[in-house]
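Taking it in order: structure first as C-alpha cells, then the write-up.
Throughout, protein chains are lettered first and strands after them, A, B, ... in sequence-line order, and every chain is numbered starting at 1.
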Amino acid sequence: MDLTHSPADEAFRAEARAWLDVHVPAGPLPSLETEEGFAAHRAWEAELAADRWSVVSWPAAYGGRDSGLLRWLVFEEEYYAAGAPGRVGQNGINLLAPTLFDHGTEEQRARILPPMASGEVVWAQAWSEPEAGSDLASLRSRAVRTDGGWLLSGQKTWSSRAAFADRAFGLFRSEPDTPKPHQGLTYLMFGLRAPGVTVRPIGRLDGKPAFAELFLDEVFVPDEDVIGEPGQGWRVAMSTAGNERGLTLRSPGRFLASADRLAALWREHGRDPFTRDRVADAVIGARAYQLFTYAAASRFLDGEPVGPESSLNKVFWSEYDIALHETALDLLGGDGELAGGQMAGGRAPDGESADGPSAGADGGGWAEGYVFSLAGPIYAGTNEIQRDIIAERLLGLPKGRR
Amino acid sequence: MRFLLDAEQTAFARSLDALLTAADTPSVVRSWSAGDPTAGRALWSRVADAGVFALAVPEAYEGFGPRPVELAVAFVELGRHVVPGPLVETVAAASLLTDPGPAKRFLPGLAAGETVATVALPGSGPYMLDGDVADVELTVTGGSGGTGASGATVSGAGEPSTGELRLTVVPGSGSSEAPGGRVRRSLDPARRLCLPRPGGELLAAGPHLASGADAALVWARLATAAQALGVGLALLDKTVTYVKQRSQFGVPIGSFQAVRHRLADAKIGLEFARPLLFGAALTMDPADVAAAKVTACEAAYATARTALQLHGAIGYTAEYDLSLWLTKARALRGAWGTPQQCRELVLAADVVSGGARRCS
C-alpha cells in the first residue's frame, strides 16, 4: 500500500504544471453556455490539443500521450489547481470516446477521435427522451433502415451542450417489436445541423441554454455512424454509462481545487466560526474522494472491472459538490446570490462550465457553480437509481418496487 | 502508487477476523461490562499473540513496529468484533514510552499482551479508559512548548515547559473496582472511565514529552478511527442481514426503498471513510489522522442510527447484541478528539488540500 507516485509520474506532473503555468488564460473565459464562450472554449481545446494535453490518456495516434490512468489523475489535479477553463469537449471525451475504444471500428476511431480531441467537433449526448430518463430503455425514438444507412425520427431532450455543439450520439429503437425494452436498440451518431434536425435550446435554472431538446424528422445517418452491431445498442451504451459514473466523469482534481478555493474564501472571511465545520468537511471530502479514486484506480490497474462501486462514487461527488457550493454561498452572505462577475473587485468567473467554477479564490463563480452542482444528483442516472444499485448489487438486498 | 492493501495485510485481517469470530466476543463484552475481566484478559492475550500490540512497539523492544497501516487493519477487525478494553490506550502508551529506560521496562510486556495500559494526555479529557482493569496507568502532565500540531497540548505563552510522564502501577492488577469513587460508567457499558490516581512514579520529564504526547494522540486517533470503521461495518452487515429476514406487509423490509436508501447512504459513508483511514496511516500527518477520525466516527455513528431505526424496538434492547455496537459507536465519536477538535485541526494548516493534491 503506498501513495507515492513514481519519479516518471512526478516528471509528468512537472511537465504538465510547467505547460499550464505558461498557457492557462490569465482571465477566465466567457461562459461556456454562450455562443461567444463556446467559441473561446473551443479555441482553448485546440491550444491544449496542439501540445497533446487535451486527451492525455488516449493513444498518441489520436492526439493523446498514452499516459495511463494514474497520469490522467495527476494531470487533472494539476489542471484544476492551475485554474484552467472548463472543458467543452467533455461529453465526447468522457462518454463517446470510451465507447469507440471498446466498440468502434478502426475507421471510426481514426475519423472521429482527432477532431474530438482538438475541439473541432464538439459532441452532445442525446440519451434522454421526454418519457425515458431513468428508465432509459423505454425510449421511443426510431431508427428505420434505408438504403446505405438509417432514418432517425423522434425527440430527445435534456441534451447537454446541444445548443452550440456539432454532433450528438444516442440510442434509437431499430426493432419495434422486441420482447424486452432494452433489445432492438441501435447506437448511432448524427449531425446536429443535418437536414431534419431541429435544436431547441432549453434554459436551465439560471436561464443559460446549457441543454436542448432535439426534434428528429427522418434524419439520414450512414451505416458508418452506427457503433457496434445494430440492435445491440444497449450493451454498447452500458459500457458508456459505466464510464460516466465510474472513474472518468469527475476527477478528484476538480474537487481538491474547489476545496482549496473554499478554504481560502473562509480565511478571507475571518475564519467564520459558523461555517467552519462545513468547510472542514469540504476539505476532508475532497481528500476522501481523491483517495477513494486512487484505490479504485489501483484495483482497475490490477485488472478488476469498475463495477457497481461506481454508484458509490456518483452519489458521493454529486452531493459533495452541492454541499461545498452551499457552504460558499452561505459564507458569502448577501453576495452569494450574485451571478458571476458582478462582485466588487471580483474576477469574472468561468463558472458555467461543465466542471464548475475554475476562477481563482476571489469570491467569484460560486453561484454558477452552485446552479451547475444542483444537476449532479439528477443526471448520469439519478441518485435514487444509484442507491438502488448499491442496495441490490453491493449490499445484496432484495429487489423492490422502485 | 498502489493504494490497496497487499495480500499479506488482507490475510492478516482475515486471520484476526477468524480468531475473533471464534472467540464469541459478545459474551466477552458482557462479562467485561459486568466487571469480570477474566475472559477479556484471555482474549487480550490472543489478540497480542496475533501480533496486534507489537505493531505499535519498535523492533528494538520486541515489537514489529511501528507499523500504522497494519495497526489500522487490525483495529478495523477489533472494532468489527467489538473487542473490549483499553486497546487504543495501550497503543498510545507504546508511543509515549520512548526513553530507553521505560521502553525497556514496559514495551516488551505491552507487545506480548502481558501488560494492559491506559493513558491520560493533556487536553484529552479528565478520564482514562478502563483504569480499573489496566495494569499500568500513564499520565502526561505539564504544558507544551511544542507545536501543538496534534491539538493535544496547549501552548503556554510560548514558554517551552517541561512535561512529566508519570506511572502508576495498579495494585493487584486485573482486580476490578466497583463503580463509584474514581470509576464512572460510560453510556457504553463496556467502557469504564476512571479519574487517574494521583501521584505515581516519575518515569520521565522534559520538553520531549510534549511532542511524545502529540505523537501518542495521533496514534490513538488512528486506532480509534479504525476501530470506529470496524464498528460501522459490523453494524451495516448486521442490519443488512436483519432487513432481509424481517418481513412486514408480506415482504422483507429490505425491499422497501426507504430502507434500501438509508443502507446505501451508510455504505457510502463507510466506504469513503476507509481510504481516509489508510491514507492517514501512510502519512501519519496529524491533520490527515484527524480527518480520518472524524469521518470514520461520523460514518459509524450514522450507521448506528440507521441500524437502530431499521431494527426497530428490538435494537433498542440491551439483551440484543446489536446494543454492544450501538453504544460503542457513540462513545468512540467523542473519544480522543471530538468532531469539532478534529475539524479544527484539518483547517489549522495554511494550505489545506495543497499537500493532498501533491499526493506524494
>> Less than 4.5 Å to any heavy atom of chain A: does that hold for the side chain of D237(B), its backbone, both, or neither?
In response: neither
>> Is it the case that the side chain of R2(B) and the backbone of R299(A) share a donor-acceptor pair, with hydrogens and angles ignored and the cut-off at 3.5 Å?
In response: no
> So, for V69(B) and M1(A), which heavy atoms are closest and what is the spacing to 0.1 Å?
Replying inline: CG1-SD, 3.9 Å
>> For L282(B), which atoms come within 4.5 Å of any heavy atom of chain A: side chain, backbone, both, or neither?
In response: side chain
>> Under 4.5 Å from any heavy atom of chain A, what part of E298(B) do you find: side chain, backbone, both or neither?
In response: neither
> Side chain, backbone, both or neither: which part of V243(B) has an atom under 4.5 Å from a heavy atom of chain A?
Replying inline: side chain
> With distance as the sole criterion, is a donor-acceptor pair present between the side chains of Q257(B) and D388(A) under 3.5 Å?
Replying inline: yes
>> Please classify the contact between V259(B) and chain A as side chain, backbone, both or neither, with a heavy-atom cut-off of under 4.5 Å.
In response: neither
> Hey, are H261(B) and N383(A) close enough side-chain-wise for a donor-acceptor pair under 3.5 Å?
Replying inline: no
> For L312(A), is it the side chain, the backbone, both, or neither that has a heavy atom closer than 4.5 Å to a heavy atom of chain B?
Replying inline: both
> Once you round to the nearest 0.5 Å, how far does CZ of R343(B) lie from CG of D281(A)?
Replying inline: 4.0 Å
> Top residue by heavy-atom pair count (under 4.5 Å) with chain B, among D302(A), L301(A), L394(A), V279(A)?
Replying inline: D302(A)
>> On a heavy-atom basis, which atom in A264(B) and which in L395(A) lie closest, and how many Å separate them?
In response: N-CD1, 4.1 Å
>> Could you report the tightest heavy-atom contact between S255(B) and K399(A), atom names first, then the distance?
In response: CB-O, 3.5 Å
>> Between E309(A) and chain B, with a heavy-atom cut-off of 4.5 Å, which part of the residue counts as in contact: side chain, backbone, both or neither?
In response: neither
> To the nearest 0.5 Å, how far apart are CD in E271(B) and CG in N313(A)?
Replying inline: 11.5 Å
>> Just verifying a value: how many Å separate I268(B) CD1 and F292(A) CZ, rounded to the nearest 0.5 Å?
In response: 9.0 Å
> In terms of heavy-atom pairs under 4.5 Å, which option from D265(B), L5(B), L236(B) contacts chain A the most?
Replying inline: D265(B)
> If you measure from CG on L276(B) to CD on Q290(A), what distance do you get to the nearest 0.5 Å?
Replying inline: 10.0 Å
> Under a 4.5 Å cut-off applied to non-hydrogen side-chain atoms, are P398(A) and K244(B) in contact?
Replying inline: yes
> Taking atom CG of L3(A) and atom OG1 of T283(B), what is their separation to the nearest 0.5 Å?
Replying inline: 8.0 Å
> Looking only at heavy atoms, which two atoms of L397(A) and G254(B) are closest? And how far apart?
Replying inline: CB-O, 3.9 Å
>> With heavy-atom distances below 4.5 Å as the criterion, would you say the side chains of E344(B) and R276(A) are in contact?
In response: yes
> Side chain of S298(A), backbone of F3(B): donor and acceptor closer than 3.5 Å?
Replying inline: yes
